[in-house]
Undergrad: 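I'd like to ask you about the structure that follows.
Below, chain A is the first sequence line, B the second, and so on; all start at residue 1. From a predicted model like this one, the values you see are computed outputs, not experimental measurements.
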There are 2 protein chains.
Amino acid sequence: MRPTVHDIAAKAGVSLATVDRVLNNRPGVRNVTRDKVERAIVTLGYVRDVAAANLAKGRNYPLVFILPAGDNSFMRGLESEVRAAMARSASERTQITILPVPAFDAQALVQALSEARQRRPAGVAVVAVDAPEVAEAVMRLRDDGIAVVTLVSDLPGSGRDHFAGVDNLAAGRTAGTLMGRFTGGRAGPIAVLAGSMLVRDHRDRLEGFTTVMAEEFPACPLLPVIEGQDDPALVEKLVRALVERERDLAGIYSLGAGNRGLVAALEKTGKSKTICTIAHELTPHSRAALRSGTIDAVLNQDAGHEVRSAIRVLKAKADGLAVIEAQERIRIDIFLKDNLPIEQA
Amino acid sequence: MRPTVHDIAAKAGVSLATVDRVLNNRPGVRNVTRDKVERAIVTLGYVRDVAAANLAKGRNYPLVFILPAGDNSFMRGLESEVRAAMARSASERTQITILPVPAFDAQALVQALSEARQRRPAGVAVVAVDAPEVAEAVMRLRDDGIAVVTLVSDLPGSGRDHFAGVDNLAAGRTAGTLMGRFTGGRAGPIAVLAGSMLVRDHRDRLEGFTTVMAEEFPACPLLPVIEGQDDPALVEKLVRALVERERDLAGIYSLGAGNRGLVAALEKTGKSKTICTIAHELTPHSRAALRSGTIDAVLNQDAGHEVRSAIRVLKAKADGLAVIEAQERIRIDIFLKDNLPIEQA
DNA sequence: GAATTTCTGATGTACGTAAATCAAAAATGT
DNA sequence: ACATTTTTGATTTACGTACATCAGAAATTC
């Protein structure tokens with residue numbers, strides 16, 4: 001049987017109350033006594049039963065998730081993962097509130113952060129827009145002792161406790177290598193399609209991609225970046241124009257959302273098989289396009305992992321506990337038509 | 001506040017004891033009363049506090065992990081993940097025993113399974129060798145009410161409760177597509193290096209790979225499969241002979257272990273840059289080879305995920321609970337030199 | 001050595017559930 | 001109407017920890 005507080009008390013020859021004082025470092029214990037107890041804890045290998053402790057404390061964690069609104073499939077998937085986490089609230093002792101904000105809007109985000117602050121939660125997870133005023137708003141939260149985790153898109157310099165998302169520089173590099181190798185010897189320009197340069201994740205992906213392409217595949221020049229605002233209709237228009245303008249286009253790297261428009265444009269122009277296309281995020285649209293061959297590879301971040309990780313980290317930070325960073329790292333999934341996961345309901 | 005058993009009792013107008021009888025379906029409750037209680041449970045939205053219930057029950061889960069011995073890096077990594085889980089035993093209420101067995105040895109595995117059976121654990125996780133006598137031994141465990149999960153390599157037809165591992169057919173197909181596209185237009189034979197055809201995972205990978213190569217890249221004929229027994233020394237010898245024999249070799253798909261030997265042979269013959277090499281499992285050796293360019297891509301299964309998933313499933317099955325299969329699916333990681341995770345201690 | 005301050009022990013309640021016991025009530029059979 | 005069986009209630013103990021209170025012991029100060 002694993003040792004309990006009673007065993008420690010017996011071993012150290014003190015009362016339960018004293019053990020409790022040591023364990024929860026309450027005042028009123030002489031150093032000699034404290035040492036005795038601590039030795040007993042070590043020799044018995046005592047570990048606090050967290051479940052029992054939480055039960056006794058009645059601890060719970062009010063959390064706020066700030067997510068971009070709009071019909072971006074990835075973000076809606078993220079939201080549904082948060083809702084799934086809300087369904088688990090009872091057993092995880094969390095109380096989650098979702099705050100929607102317009103996408104790519106720093107001002108609205110600042111407001112949402114301030115609203116979140118007024119709710120006095122234990123922690124806040126936020127899909128960040130990279131702007132100084134947002135960073136300041138995050139700092140204010142932290143000053144109030146509220147843990148903050150950036151989700152999907154990071155916000156360096158804001159003092160956030162943790163970033164729950166993929167290494168987007170690495171993702172961009174990976175896309176670069178895949179693009180270079182998939183297009184093979186075939187020379188020709190490569191187009192890059194982004195959502196907005198206001199968010200950190202898109203900027204990082206672009207940087208990684210351009211670095212690798214320049215260093216390793218100089219035969220494929222990059223065209224100027226196209227910004228599609230993650231809007232399918234706009235993306236479709238831009239891509240159609242692109243394909244007609246650049247007759248020998250070798251590849252397209254779509255590093256943001258709006259894949260519906262990309263796929264529609266490629267299929268309508270009939271060039272989908274000759275242009276190597278690499279996109280981000282596995283959604284019903286990108287999945288279908290992968291299967292049909294319109295898209296050659298999809299880089300994905302698992303929204304479920306990100307949400308669960310964010311919650312774990314927020315809870316730990318709220319309790320002042322350390323986080324095993326390696327364990328919370330979010331992997332970049334690479335999907336080809338061959339390794340698509342089974343569709344779920 | 002979330003409702004408790006007391007609230008149900010009050011709402012239903014019955015005593016705590018009756019609520020307990022209903023919740024844990026003990027006998028001695030009339031149907032009308034049972035209905036009243038169940039309605040109260042639904043209308044209040046009661047969910048059992050699992051932590052408190054486990055505390056009260058003093059439930060714990062003795063588990064046995066049967067793992068191949070030998071210096072296979074992947075298997076040693078798997079074992080260290082199991083040991084990490086043992087360190088968490090206290091908080092997870094598990095008691096884990098590791099049983100080592102010689103690799104690829106059906107007889108030894110049968111014996112280990114019977115030893116595991118005598119320990120009367122709640123569940124057993126086993127890296128299976130695909131043989132009828134092993135399947136029978138697994139069935140005997142299940143007859144005793146012991147949950148069985150196959151780990152890494154599956155055992156269809158054994159009635160195991162669950163398989164904690166990747167879809168190896170998909171992995172093989174993925175390797176095929178990568179191989180075909182990475183070698184590009186370049187024609188030339190492709191070699192396949194396996195560990196042993198006695199394990200299901202290797203057979204599945206081979207099948208997926210050959211299917212894709214035959215259907216989509218007929219310009220690259222496959223050479224007869226080489227079996228290296230996951231033994232670095234033997235693998236090195238075989239690969240050196242191979243490279244000298246096949247002067248225009250375009251690629252090597254190593255679907256088993258023993259990557260050390262593969263890398264050594266490729267580097268010594270100086271053909272590492274011209275032969276497209278795809279291997280399995282991220283180990284210190286394959287990681288270094290990826291970085292140096294000797295290996296072009298590594299398909300990986302996250303041993304930590306597999307072990308944690310196996311434990312979750314075993315606990316659930318032991319309690320007769322359902323498992324959300326989609327949630328327990330193990331992904332195939334694809335690593336290029338660009339998206340290697342940070343090395344951990 | 002007395003007064004004070006600082007520690008320590010003893011004890012009880014609580015968290016939400018499980019499980020057992022025994023008495024009382026209700027339903028059933030004859 | 002009685003005995004019998006089945007169902008229900010009331011109450012208690014337990015799990016391992018947190019937290020509070022109060023009395024008493026030990027150490028410190030003067």
Side-chain angles (χ1 to χ4, degrees), chain A residues 1-41 44-61 89-95 318-321, chain B residues 1-41 44-61 89-95 318-321:
Chain A
M1 271 326 262
R2 59 188 278 206
T4 73
V5 280
H6 296 87
D7 300 322
I8 301 175
K11 180 87 178 176
V14 301
S15 74
L16 264 184
T18 303
V19 174
D20 180 68
R21 288 176 187 119
V22 173
L23 278 175
N24 299 291
N25 35 218
R26 283 184 244 280
V29 185
R30 259 187 310 167
N31 284 332
V32 269
T33 316
R34 188 174 292 274
D35 284 353
K36 263 198 302 186
V37 175
E38 271 161 1
R39 268 201 306 279
I41 290 174
L44 289 180
Y46 170 83
V47 247
R48 185 196 244 99
D49 183 326
V50 189
N54 282 339
L55 178 60
K57 272 196 288 215
R59 180 81 159 105
N60 67 354
Y61 304 82
S89 274
S91 54
E92 298 184 347
R93 312 194 107 81
T94 55
Q95 292 163 221
D319 287 340
L321 301 177
Chain B
M1 269 331 260
R2 59 189 278 205
T4 73
V5 280
H6 296 86
D7 300 321
I8 301 176
K11 179 87 178 178
V14 300
S15 74
L16 263 184
T18 303
V19 174
D20 180 66
R21 289 179 186 119
V22 173
L23 278 175
N24 299 290
N25 37 214
R26 282 184 246 280
V29 185
R30 259 187 311 164
N31 283 333
V32 269
T33 317
R34 189 174 291 274
D35 284 354
K36 265 198 302 185
V37 175
E38 272 162 1
R39 268 200 307 279
I41 290 175
L44 289 179
Y46 169 83
V47 248
R48 183 197 244 102
D49 184 325
V50 189
N54 282 339
L55 177 60
K57 272 194 289 219
R59 180 81 159 107
N60 68 352
Y61 304 83
S89 273
S91 53
E92 297 184 348
R93 313 192 104 82
T94 55
Q95 290 162 222
D319 288 340
L321 301 177

Undergrad: Does A:Asp49 reach a base, just sugar-phosphate, or nothing at all? Heavy atoms under 4.0 Å.
TA: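 Contact class for A:Asp49: sugar-phosphate only.
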
Undergrad: Does B:Thr18 make a side-chain N or O approach to OP1 or OP2 of D:dG9 shorter than 4.0 Å?
TA: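 For D:dG9, OP1 or OP2 has a side-chain N or O of B:Thr18 closer than 4.0 Å.
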
Undergrad: Return the value, rounded to whole Å, for the distance between atom CZ of A:Arg21 and atom P of D:dC22.
TA: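 To the nearest whole Å, that distance equals 14 Å.
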
Undergrad: Just checking B:Ala17: base, sugar-phosphate only, or nothing, at a heavy-atom cut-off of under 4.0 Å?
TA: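 Base contact.
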
Undergrad: Checking side chain to side chain contact (heavy atoms under 4.5 Å, CB included) between A:Arg21 and each of A:Asn25, A:Thr18, A:Asn24, A:Val19, which is the one that passes?
TA: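 Passing option: A:Thr18.
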
Undergrad: How do B:Ser15 and A:Tyr46 order along DNA chain D: which one's closest nucleotide is nearer the 5' end?
TA: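 First, find each residue's nearest nucleotide; the 5'-ward one identifies B:Ser15.
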
Undergrad: If you take atom types as modelled and just measure distance, does the side chain of A:Arg2 reach the base of D:dG16 with a donor-acceptor pair under 3.5 Å?
TA: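 No pair found.
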
Undergrad: Please tell me if B:Arg48 has a side-chain N or O lying less than 4.0 Å from either OP1 or OP2 of C:dA18.
TA: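 Yes, because at least one side-chain N or O of B:Arg48 sits under 4.0 Å from OP1 or OP2 of C:dA18.
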
Undergrad: What is the distance, to the nearest angstrom, from the NZ atom on A:Lys57 to the C1' atom on D:dC19?
TA: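 Rounded to the whole Å, the gap is 11 Å.
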
Undergrad: I need the minimum non-hydrogen distance between B:Tyr61 and B:Asp319, along with the two atoms involved.
TA: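 Looking at all heavy atoms of both residues, the closest pair is OH-OD2, 2.6 Å.
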
Undergrad: Send over the distance from A:Arg93 CZ to D:dT17 P, rounded to a whole Å.
TA: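 Atom-to-atom, A:Arg93 to D:dT17, this comes out as 15 Å.
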
Undergrad: Can you check whether B:Thr94's main-chain N or O pairs, donor with acceptor, with B:Ser89's side chain at less than 3.5 Å?
TA: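 Yes, the answer is positive, given that a donor and an acceptor are paired below the 3.5 Å cut-off.
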
Undergrad: If I compare all heavy atoms of B:Val37 with all of B:Ala12, which pair ends up nearest, and what's the gap?
TA: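 In this case the closest contact between B:Val37 and B:Ala12 is CA-CB, 4.0 Å.
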
Undergrad: At under 4.0 Å between heavy atoms, what does B:Asn54 touch on the DNA or RNA strands: base, sugar-phosphate, or nothing?
TA: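 Counting heavy atoms under 4.0 Å across all strands, no contact is made by B:Asn54.
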
Undergrad: Taking only N and O in the side chain of B:Arg30, is any of them less than 4.0 Å away from OP1 or OP2 of C:dA27?
TA: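 Yes, B:Arg30 has a side-chain N/O under 4.0 Å of OP1/OP2 on C:dA27.
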
Undergrad: What's the shortest heavy-atom distance between A:Arg2 and A:Arg48, and which atoms?
TA: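 Here A:Arg2 and A:Arg48 meet closest at NH2-O, 3.6 Å.
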
Undergrad: Counting any heavy atom closer than 4.0 Å, what does B:Val14 reach on the DNA or RNA strands: base, sugar-phosphate only, or nothing?
TA: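 B:Val14: backbone/sugar contact only, no base atoms under 4.0 Å.
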
Undergrad: Roughly how many Å is it from CG in A:Leu16 to P in C:dA10, rounded to a whole number?
TA: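 Distance check: A:Leu16 CG to C:dA10 P gives 9 Å.
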
Undergrad: Over all heavy atoms of both residues, which pair between A:Leu16 and A:Ala9 is shortest? Give the atoms and the distance, please.
TA: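 In this case the closest contact between A:Leu16 and A:Ala9 is N-CB, 4.1 Å.
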
Undergrad: Measure CG/B:Asn25 against C1'/C:dA18 and give the value in whole Å, please.
TA: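 Rounded to the whole Å, the gap is 14 Å.
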
Undergrad: Please give, in whole Å, the distance from D:dT17 P to A:His6 NE2?
TA: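 Rounded to the whole Å, the gap is 9 Å.
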
Undergrad: Within the 4.0 Å heavy-atom criterion, would you say A:Gly28 contacts the bases, only the backbone, or no part of the nucleic acid?
TA: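 Base contact.
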
Undergrad: What's the CG-P distance between A:Asp20 and C:dC7, to the nearest Å?
TA: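 Distance check: A:Asp20 CG to C:dC7 P gives 17 Å.
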
Undergrad: Of B:Val29 and A:Leu55, whose nearest nucleotide on DNA chain D comes first from the 5' end?
TA: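 Looking at DNA chain D, the more 5' nearest nucleotide goes with B:Val29.
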
Undergrad: Would you mind reading off the distance between A:Asn31 atom CG and C:dC7 atom P, rounded to a whole angstrom?
TA: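 A:Asn31 atom CG is separated from C:dC7 atom P by 9 Å.
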
Undergrad: Identify, between A:Val32 and B:Pro3, the residue whose nearest nucleotide on DNA chain C lies closer to the 5' end.
TA: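 Comparing both residues, the 5'-ward one is A:Val32.
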
Undergrad: C:dG16, OP1 or OP2 - any side-chain N/O from B:Thr4 closer than 4.0 Å?
TA: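 False: B:Thr4 side-chain N/O out of range (4.0 Å or more) of C:dG16 OP1/OP2.
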
